[in-house]
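Report on one structure; see the data block that follows.
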Protein chains: 2
Amino acid sequence: MPVKRHRQAPTQADVARRAGVSQATVSAVVNGRAAANRIPAETERLVKDAVRELGYAANPAARSLRGKGNRLLGVHTFEAVFPISSRDFYHEFLIGVEEQAVAEGYDLVLFTSTEGPNGQRRLYQADGSNRLKVADGSVLLGVAHDHSDLARLGRDGYPFVHIGRREVPGAEIPYVGADYAAGTRDAVAGLVALGHRRVGYLGIPHRVESLVDREAGYRAACAAAGIPALPVLMDGTELTPEWFDLAVGTGITAFVTEDEGLAGRLVEFAAGRAMGIPDDLSVITLRDTANGPYPGTPWSCLGIPRNEIGRAAVRLLISMLQAPPETRLGPATARAGGDPGGEATSVPQADPGGSDVDIVSQVLLPCTPPGAGTIAAPPRGNA
Amino acid sequence: MPVKRHRQAPTQADVARRAGVSQATVSAVVNGRAAANRIPAETERLVKDAVRELGYAANPAARSLRGKGNRLLGVHTFEAVFPISSRDFYHEFLIGVEEQAVAEGYDLVLFTSTEGPNGQRRLYQADGSNRLKVADGSVLLGVAHDHSDLARLGRDGYPFVHIGRREVPGAEIPYVGADYAAGTRDAVAGLVALGHRRVGYLGIPHRVESLVDREAGYRAACAAAGIPALPVLMDGTELTPEWFDLAVGTGITAFVTEDEGLAGRLVEFAAGRAMGIPDDLSVITLRDTANGPYPGTPWSCLGIPRNEIGRAAVRLLISMLQAPPETRLGPATARAGGDPGGEATSVPQADPGGSDVDIVSQVLLPCTPPGAGTIAAPPRGNA
DNA sequence: ATGAGTTGCTGATACGAAACAGCTAGGGGA
DNA sequence: TCCCCTAGCTGTTTCGTATCAGCAACTCAT
């Protein structure tokens with residue numbers, strides 16, 4: 001019984017044998033360097049026929065070992081991807097990522113193997129190995145609880161883009177995020193324009209960058225309007241009806257909140273006090289959500305351009321891949337839409353002309369302003 | 001100005017130099033073969049320290065080039081993944097795939113680059129190259145409109161598992177699917193047990209395997225019960241009120257339909273005739289769905305164990321990868337739950353003892369039986 | 001003292017593709 | 001005739017890792 005050493009994927013050497021040329025010639029032909037290597041059309045045809053007949057496909061491992069990319073973009077989320085995608089905050093980002101990957105002809109690697117026994121996903125394994133390196137570069141999603149991993153990734157020279165602004169001391173993290181500061185600032189300015197003079201701010205205790213930015217935007221708007229900044233960070237248990245009464249008693253006519261949970265509590269308390277939303281109290285949620293306080297009424301919430309952020313992240317990543325390594329970590333920063341009405345999105349891209357120009361590696365895209373749902377002019381007597 | 005050839009990721013050679021050992025020793029240590037290679041604990045510590053200090057991380061490309069797989073499983077869908085995932089028929093499969101991949105420590109490659117200008121995704125590019133080969137093996141989702149690609153994939157010896165039964169002449173396609181035949185048979189048998197004697201079958205014209213199976217199950221149930229099989233395949237436009245009146249006039253008291261669109265038309269017609277569902281007419285949908293005919297009433301529908309199918313597909317694929325290539329395409333077939341009540345899932349797996357046993361490469365998992373929503377005993381006079 | 005066996009490594013090689021240096025055959029000019 | 005040039009390739013090395021054969025040094029039994 002013959003032991004058939006069957007079905008090994010054909011290599012360039014196999015193709016070369018069949019076409020009667022050398023492996024180097026095959027390499028030249030399949031990489032489109034035929035003209036540059038002075039391969040005549042006849043030989044090229046010979047090789048291409050052999051490729052077709054054998055079903056040759058380049059081994060990506062070998063290519064990437066040799067320093068060529070393998071057109072693989074990694075997607076690392078710090079939580080599971082598919083299980084939560086429909087309800088997930090990150091799902092829409094992934095849509096953008098996939099769309100842009102399709103457009104650019106890259107495939108996506110979903111890093112799931114990085115999940116430890118505790119369910120947390122880390123960039124570096126316990127043994128120090130880093131799975132991300134199978135991909136040419138990666139998009140990082142979610143909040144890394146270990147910033148040192150991010151810094152290390154940068155030091156290793158691995159190309160990556162973080163979704164959401166991230167600040168790591170001593171490292172220049174490339175990111176694409178939403179401009180929460182400007183968005184919040186404009187939203188609060190909108191309240192002021194309606195006549196509100198005391199606008200409360202409800203935050204959650206966990207001060208990640210995206211929340212710090214919102215708070216900063218709030219403070220900026222208050223300063224610009226000459227009204228007091230009244231930020232309160234609470235962990236939910238402290239948000240009592242008594243506190244609410246006190247706050248409203250001081251003349252607060254509007255709240256901005258960092259999530260819809262806090263906003264929901266406000267609605268609850270207002271109902272208990274026979275106050276109507278938005279007629280007696282305006283509420284803006286700084287994180288967009290599908291639901292509203294009551295059926296038919298959506299929250300007035302800051303819109304996060306998730307899809308566009310996902311796409312921009314992939315564009316930025318690819319431009320980093322195409323740029324020479326030295327220019328990869330340029331500190332240039334773009335803040336698109338920082339001025340009200342400025343809708344032009346500063347798209348990160350390698351400079352088409354000179355190749356020694358830094359890539360804009362930190363991008364903030366403008367949020368869409370809150371809709372009318374839970375915003376109104378303050379009640380008379382408070383205006 | 002010094003040209004710093006900076007930030008190259010450290011290699012085993014670097015580690016070896018620092019630890020004062022050879023590269024081979026480093027390889028042994030980092031791969032846990034220290035004991036097998038008689039490396040003393042002292043040397044092992046030396047190496048591990050160097051690994052830590054340099055931040056060495058194995059290069060996955062080199063590793064997989066050397067014959068180890070790269071622990072990458074491909075996921076090829078014949079449509080886009082993320083954009084449709086929340087509402088998508090395939091989404092739940094992907095959840096299962098991801099969960100099992102996490103459990104087995106594999107990463108997932110989402111093939112998006114295979115999308116042609118027409119939006120269709122093909123396995124082989126025009127030039128004959130096949131991106132799937134980046135991954136050790138792949139899970140295929142959706143209906144390939146070109147069966148020859150599947151056959152070619154099999155001939156190429158590439159390990160893959162199709163989700164959903166697929167039949168290709170001259171090729172033994174490994175798959176994991178739902179046992180629609182048994183599920184439909186049992187569902188119809190259930191109707192018969194309730195007293196129905198004329199059960200109609202509404203199909204769509206496109207006869208893919210999964211629909212053929214349902215129809216076969218229907219015919220089997222009818223034959224077993226000694227009642228006439230009345231399958232009608234229509235393209236939707238033919239489903240008129242007149243036809244419905246005619247069908248009901250012949251004494252049909254129940255319908256099974258291949259999708260909820262057809263079932264919806266039935267409800268519509270029944271309403272026009274002042275017939276109640278399920279009191280005057282029972283309806284079973286052979287494809288599960290979140291919605292029902294009216295609020296509060298879910299369809300009685302065949303439940304597809306999507307999550308489990310996704311998981312089983314990954315398990316099968318991995319068992320194929322671990323088996324020697326010769327046994328990869330074993331024709332063995334498992335039909336789990338073919339007998340009513342048989343809930344044991346025949347899990348495909350490499351034989352733990354002898355390695356020369358074929359893998360069960362074609363698996364059908366049992367559907368969950370339809371619930372009570374739109375099923376009832378036939379009205380008196382028809383029973 | 002000698003051979004056998006063990007311990008603890010090292011050197012060489014292979015994996016598949018890409019890059020580059022260089023070789024040969026033929027033509028053309030001086 | 002000799003030299004140079006060019007077209008059209010080939011040979012060889014390289015990337016980082018895994019594996020295997022094998023070698024030096026030492027121990028132990030004979």
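So you know, we letter chains A, B, ... as the sequences are listed, proteins then strands, and number each from 1. Computation of the quantities below employed the complete heavy-atom set of this structure, encompassing side-chain atoms and omitting hydrogens, waters and symmetry-equivalent molecules.
- A side-chain donor-acceptor contact under 3.5 Å links A:Arg33 and A:Ser27.
- Residue B:Arg66 has no polar side-chain atom (N or O) positioned under 4.0 Å from OP1 or OP2 of D:dG16.
- Among the protein residues, B:Val21 comes within range of the sugar-phosphate backbone only, with heavy atoms under 4.0 Å from sugar or phosphate atoms but none that close to a base.
- At least one side-chain nitrogen or oxygen of B:Asn31 sits closer than 4.0 Å to the OP1 or OP2 atom of D:dA18.
- Between B:Thr25 and C:dT10, a side-chain N or O to OP1/OP2 separation shorter than 4.0 Å is present.
- Note on A:Thr11: only backbone sugar-phosphate atoms sit closer than 4.0 angstrom, heavy atoms only; bases stay farther off.
- Across all strands shown, B:Arg33 has heavy atoms under 4.0 Å from base atoms, whether or not it also approaches the sugar-phosphate.
- Regarding contacts with the backbone of D:dG16, every side-chain N or O of B:Tyr56 stays at 4.0 angstrom or more from both OP1 and OP2.
- Taking atom CG on A:Asn37 and atom P on C:dA18, their separation rounds to 12 Å, with Å as the unit.
- Among D:dT17, D:dA7, C:dT7, the nucleotide with an atom closest to any side-chain atom of B:Arg38 is C:dT7.
- Taking only side-chain nitrogens and oxygens, A:Ser27 never comes nearer than 4.0 Å to OP1 or OP2 of C:dA19.
- Backbone-only contact: A:Arg63 has heavy atoms under 4.0 Å from sugar-phosphate atoms and none from a base.
- Look at A:Asp149 and A:Arg152 and you find no salt bridge, because none of the NZ, NE, NH1 or NH2 atoms lies under 4.0 Å from a carboxylate O.
- Here B:Gln23 does not reach the OP1 or OP2 of C:dA12: none of its side-chain N or O atoms lies under 4.0 Å away.
- Heavy-atom distances under 4.0 Å link DNA chain D to A:Pro40, A:Thr43 of residues 40-50 of chain A, given in residue order.
- Atom CD in A:Gln12 sits about 15 Å away from atom C1' in D:dT13, given to the nearest Å.
- Fit an axis to the five pairs at each end of the helix from C:dA1-D:dT30 to C:dA30-D:dT1 and the two axes sit 80° apart, to the nearest 10 degrees.
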